[in-house]
Amino acid sequence: MICEVLCVLAGYESSIFTEDSRIVPEFLSFLHPGEVQTLESLAGLAAKYRKVKKAANHFKTLYDEHVLSGGASSSGGKTNAPSEYLSTLGTAMIGVLQEYEDLIMETEARVLKKDSELVGAQSFVPLSSVRAVFSVWDAPLAALDLLVSDIYKGPKGKRSTGKDAEEAPTASSSKPELPQWSPGPLIDLLLDRAQSGVHRVAEI
């Protein structure tokens with residue numbers, strides 16, 4: 001079970017969970033209600049990670065692909081070119097997420113070494129202990145999740161339809177088209193999100 005949980009936290013899909021991070025009905029009878037709550041909480045955290053990681057890669061690669069295709073030299077500064085600033089933001093977000101990924105590797109190593117602070121008697125690893133380890137990422141991933149949704153909605157005053165908000169990607173959705181962001185509004189959004197009090201988000 002712990003191996004499965006760590007794989008889910010690392011971004012892999014699992015037959016234990018539905019797309020909305022719920023335990024599939026077939027497994028409910030094998031689990032205590034407390035275990036169900038903990039597992040669904042971890043799955044929700046993993047879903048935020050997958051969504052943010054997918055968006056960060058999208059931000060980064062879209063501009064890179066535009067440059068490699070010769071678009072940077074041929075666009076003549078047209079506004080339909082992907083934002084270089086979003087590419088930089090994507091790179092920064094990937095750097096933040098690396099800390100989360102490092103924690104997964106560190107937790108796996110602790111389990112294998114039977115760290116007494118994490119592993120109980122008879123090599124049993126309480127789900128509550130795993131949840132406690134990753135609780136430090138609740139606020140950062142929630143804030144990054146909100147930031148990603150805001151970016152896909154587009155700058156204020158440019159949300160022509162409700163469709164843009166619906167296109168903010170989920171962990172399993174395909175990549176939607178990115179709205180155009182000029183430096184000013186994007187910096188304003190980042191400064192606004194930096195006021196959340198979440199250190200890792202403010203670092204971006």
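Owing to the predicted nature of the structure, the values given are computational and were not obtained by experimental measurement. Atoms considered below: every heavy atom in the structure, side chains included; atoms not considered: hydrogens, waters and symmetry mates.
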Requested in this report: Could you go through the side-chain hydrogen bond (donor to acceptor under 3.5 Å, both in side chains) check for T88 and K60 one step at a time?
Outcome: CA-CA 7 Å; T88 303; K60 181 179 182 298; over 6 Å; no

Query raised in the report: How long is the span from the CG atom in L86 to the CD atom in Q180, to the nearest 0.5 Å?
Result: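 Rounded to the nearest 0.5 Å, the CG-CD separation comes out at 8.5 Å.
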
**Report entry** Distance in Å, T38 OG1 paired with H32 NE2, rounded so as to fall on 0.5 Å steps
**Finding:** 10.0 Å

Taking the side chain from [X] and the backbone from [Y], do they hold a donor-acceptor pair closer than 3.5 Å?
| X | Y | answer |
| --- | --- | --- |
| W137 | L45 | no |
| S149 | D145 | yes |
| Y100 | L9 | yes |
| S41 | Q37 | no |

Quick one: are [X] and [Y] in side-chain contact, heavy atoms under 4.5 Å?
| X | Y | value |
| --- | --- | --- |
| M1 | L31 | yes |
| V36 | L39 | no |
| P183 | Y85 | yes |
| E108 | I2 | no |
| D150 | L146 | yes |
| L147 | L190 | yes |
| F124 | P126 | yes |
| E106 | L103 | yes |

Query raised in the report: Between E13 and R50, is there a side-chain N and carboxylate O pair less than 4.0 Å apart?
Result: no

Query raised in the report: So, are D138 and R131 salt-bridged, with charged N and O less than 4.0 Å apart?
Result: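 Salt bridge flag = yes for R131 with D138.
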
Using the rule that two of Ile, Leu, Val, Met, Phe, Trp, Tyr join whenever any of their side-chain heavy atoms come within less than 4.5 Å, decide whether [X] and [Y] are in one cluster.
| X | Y | answer |
| --- | --- | --- |
| L6 | M105 | no |
| V8 | Y12 | no |
| I187 | L144 | no |

Report task. Consider only side-chain N and O atoms of S21 and E40, and report whether a donor and an acceptor are under 3.5 Å apart. Result ->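 S21 vs E40: no donor-acceptor pair found between side chains.
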
Query raised in the report: With a 3.5 Å cut-off and no angle check, do the side chains of Y49 and E101 form a donor-acceptor pair?
Result: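 Result is yes, a qualifying pair exists.
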
Report task. Check the pair D115 / K113 against side-chain contact (heavy atoms from CB on, under 4.5 Å), numbers first and verdict last. Result -> CA-CA 6 Å; D115 187 326; K113 293 178 181 178; 5.5 Å; no

